[in-house]
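Each remark here refers to the structure printed beneath this line.
Throughout, a chain's letter reflects where its sequence line sits, starting with A, and its residues are numbered from 1.
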2 protein chains.
Amino acid sequence: MTSGVRNARPPQPTLEMVAAEAGVSRATVSRVVNGSPKVRPEVVVSVTAAIERLNYVPNRAARSLASRQTQSVALVVPEDMTKFFGDPYFAAVVQGITQRLDESDYTLNLLVASTDPRHKTMRYLRAGNVDGALVISHHTGDNFVADLESTMPVVFGGRPTNDSGANNYFVDVDNIAGSMSGVQHLVDIGRRRIGTITGPVDMPAGIDRLTGFRRVLENAGLATDAVEHADFTASGAAAATRRLLERCPDIDALFVASDLMATGALGVLAELGRAVPRDIAVVAYDDSPAATSGPIGMTTVSQPSKEMGFAMADLLLRLLADDETVPHRNIMPTSLVLRESA
Amino acid sequence: MTSGVRNARPPQPTLEMVAAEAGVSRATVSRVVNGSPKVRPEVVVSVTAAIERLNYVPNRAARSLASRQTQSVALVVPEDMTKFFGDPYFAAVVQGITQRLDESDYTLNLLVASTDPRHKTMRYLRAGNVDGALVISHHTGDNFVADLESTMPVVFGGRPTNDSGANNYFVDVDNIAGSMSGVQHLVDIGRRRIGTITGPVDMPAGIDRLTGFRRVLENAGLATDAVEHADFTASGAAAATRRLLERCPDIDALFVASDLMATGALGVLAELGRAVPRDIAVVAYDDSPAATSGPIGMTTVSQPSKEMGFAMADLLLRLLADDETVPHRNIMPTSLVLRESA
DNA sequence: TTGTACGCGTTATCAA
DNA sequence: TTGATAACGCGTACAA
């Protein structure tokens with residue numbers, strides 16, 4: 001009932017207190033905490049007991065200040081929250097990352113911000129909050145990454161847009177080959193008027209999947225004009241699909257650059273009474289949960305999103321451990337998964 | 001090309017360096033950085049210039065160690081990643097939280113972990129990484145919160161399960177009243193055999209929404225046996241719906257405790273050829289994007305999820321600022337949104 | 001194997 | 001208004 005009681009929290013125990021409790025020096029306690037081999041077993045036992053008794057947990061700020069490392073890494077996502085939460089692709093990547101990190105002592109800091117990535121986020125990063133960074137979903141305009149790389153090890157998910165120096169570390173799939181396999185399937189089942197809903201053309205994944213689309217159609221001697229751009233969201237894809245059908249009402253197949261966008265496209269097709277796959281066959285990209293959660297299972301280009309997250313984290317951890325043998329790029333395989341939509 | 005170059009990153013500038021650059025003492029630079037009013041304007045200018053020149057950013061560990069605060073708060077979610085990313089409810093809450101935090105100097109640390117919330121997460125929290133914590137989606141078994149509260153200010157999203165002391169701070173809606181409004185609507189439109197798919201019964205939101213369901217039916221003199229429990233996931237709800245329809249094939253209405261679960265239920269109903277709302281009217285809960293993204297718009301109990309996140313963050317920030325006037329609970333309003341499903 | 005002593009980069013308390 | 005100087009809690013040479 002007394003006001004002010006709220007802030008009357010007991011101070012956390014310190015190394016000093018544990019040392020006193022165990023009757024040794026701070027240094028010895030520190031050694032025990034950090035698992036140094038050169039401590040007498042009996043001392044380890046008594047110190048450990050003291051730690052338990054006091055419920056001691058090392059202070060991270062002090063530890064980080066002294067050791068010059070934080071034992072945590074950041075995942076930087078230059079998108080807004082709704083996009084981040086809306087696309088199952090991100091969920092899969094994050095899962096893979098945390099899975100790898102859970103095997104280590106590192107913790108993850110999620111930095112989702114399109115609004116002002118260069119200021120608040122960069123400040124946070126440069127303030128020594130993390131030892132390294134993972135960057136996914138970056139766009140051509142995101143030049144903050146250059147600054148970042150001069151500060152700490154960085155691993156990209158997806159080929160960086162500024163990969164000129166080829167000194168970047170990244171995990172990716174061959175988006176061109178992936179989309180080619182999907183579009184080729186549409187050709188193989190006899191479709192001749194094929195359209196596409198692309199991702200943003202300021203992102204490698206958007207560009208490359210469009211390139212694959214064009215390449216297949218050119219090889220097959222088909223028209224490549226049925227193209228509409230979207231933004232990797234369901235609503236954006238829905239609008240793009242409407243535009244495309246208005247401009248090219250005769251298409252008999254559609255390659256959509258992500259599962260999430262395909263849900264939007266399929267919604268419009270259903271609304272307009274175009275039967276899938278009979279009237280229009282649809283191939284998507286990702287093989288995320290979105291591919292199977294709708295009324296009609298999507299034929300889609302499967303990429304190992306979760307494994308990519310895992311690989312990114314693994315790469316970064318090895319970088320942080322000064323592993324000299326890590327390869328700069330890790331290109332993972334895609335495969336076409338056949339379901340109902342095509 | 002030289003190996004080892006990777007780690008040749010320039011050291012971050014320190015207060016000391018800025019002081020030398022500006023020709024003043026560390027203390028003065030510190031004052032400028034922290035916006036102290038008692039520094040000569042001309043000195044402020046020259047120090048600021050030096051800071052710019054050196055691209056200085058204060059080291060957080062050192063600052064945190066000295067000031068005994070971190071300027072960051074945690075959002076603790078005792079669920080696994082898939083659940084967290086799968087439910088739009090969480091997205092909305094996180095959005096609200098970040099929105100409030102963006103107006104402040106605090107940053108957010110997301111801690112999502114059902115696997116081992118008491119060990120790694122609690123350790124992280126107790127290591128002084130954050131000044132306060134937000135807890136959402138907590139279950140009866142989550143007794144780690146007691147420890148947490150003895151360490152730092154905590155604000156809950158949803159009435160805490162151990163709210164005996166009534167000393168907790170939380171933001172919530174009246175789940176009983178909310179669900180009552182939804183179920184009453186089903187009664188009002190003439191439905192007489194009403195079932196429900198509940199949330200987990202170890203969570204207040206699950207329990208209370210079930211209580212509201214029972215209360216309305218009892219008031220109306222209707223049977224309350226058509227109840228199946230689920231876990232706030234689409235697939236869990238789908239399975240529960242199948243069980244319910246097998247046991248009570250005669251139901252003409254269904255109250256589902258969340259929008260996400262309703263997507264699962266609606267899928268099963270469609271699959272089984274039960275027309276909605278004609279054969280079975282459906283009322284859901286949340287009014288998240290999931291309520292309008294499917295083929296049939298959901299009639300649902302709307303709760304201000306984003307605003308709740310905002311309010312939680314606001315409450316915590318005021319607690320951290322030693323605001324004595326903050327109320328312990330903030331109960332926000334719900335409203336029934338009528339769409340096609342009922 | 002253990003303890004002493006210094007340094008990590010800031011904040012905060014004094015004097016000046 | 002400014003500048004020494006002592007914390008803050010921990011890691012780690014170095015010495016014992």
Of the nucleotides [options], which one has an atom closest to the side chain of [X]?
X: Leu15(B); options: dT4(C), dT1(C), dT10(C); result: dT10(C)
X: Ser30(A); options: dT2(D), dC10(D), dG11(D); result: dG11(D)
X: Ala27(B); options: dG3(C), dC10(D), dG3(D); result: dG3(D)
X: Ala66(A); options: dG3(C), dC10(D), dT10(C); result: dC10(D)

Rounded to whole angstroms, how far apart are [atom1] on [X] and [atom2] on [N]?
X: Gln69(B); N: dA12(C); atom1: CD; atom2: C1'; result: 13 Å
X: Arg60(B); N: dT10(C); atom1: CZ; atom2: P; result: 13 Å
X: Leu65(B); N: dG9(D); atom1: CG; atom2: C1'; result: 5 Å
X: Arg68(B); N: dG9(D); atom1: CZ; atom2: C1'; result: 9 Å
X: Gln12(B); N: dT10(C); atom1: CD; atom2: C1'; result: 15 Å
X: Asn59(B); N: dG7(C); atom1: CG; atom2: P; result: 18 Å
X: Glu16(A); N: dG9(D); atom1: CD; atom2: C1'; result: 9 Å
X: Arg63(A); N: dC10(D); atom1: CZ; atom2: P; result: 8 Å

Check every strand shown and say whether [X] touches a base, only sugar-phosphate, or nothing at a heavy-atom separation below 4.0 Å.
X: Thr14(B); value: sugar-phosphate
X: Val33(B); value: nothing
X: Arg31(A); value: base

### Query
Start at the 5' end of DNA chain D and walk down; is the nucleotide closest to Thr28(B) or to Ala62(B) reached first?
Thr28(B)
### Query
Taking the nucleotide of DNA chain C with the closest heavy atom to each, which residue, Arg26(A) or Glu42(A), is nearer the 5' end?
Glu42(A)
#### Entry: From Asn109(B), Asn129(B), Asp131(B), residue fulfilling side chain to side chain donor-acceptor pair (under 3.5 Å) relative to Thr70(B)
Asp131(B)
### Task
Determine the interplanar angle of the Phe84(A) and Phe85(B) rings, folded into 0 to 90°, and report it as parallel if under 30°, tilted if 30 to 60°, perpendicular if over 60°.
perpendicular
### Task
Before giving the answer on side-chain contact (heavy atoms from CB on, under 4.5 Å), spell out for Leu111(A) and Tyr124(A) the whole-Å C-alpha distance, their side-chain angles and the decisive distance to 0.1 Å.
CA-CA 9 Å; Leu111(A) 269 26; Tyr124(A) 181 85; 3.8 Å; yes
### Message
Quick one, Arg100(A) with Asp314(A), criterion salt bridge (charged side-chain N to carboxylate O under 4.0 Å, His left out). Give me CA distance, side-chain angles, the key distance, then yes/no.
### Response
CA-CA 6 Å; Arg100(A) 176 62 186 89; Asp314(A) 191 62; 2.7 Å; yes
### Query
Are the side chain of Ser46(A) and the backbone of Ala22(A) linked by a donor-acceptor contact shorter than 3.5 Å?
no
### Task
Output yes when at least one side-chain N/O atom of Ser67(B) is less than 4.0 Å from OP1 or OP2 of dT11(C), else no.
no
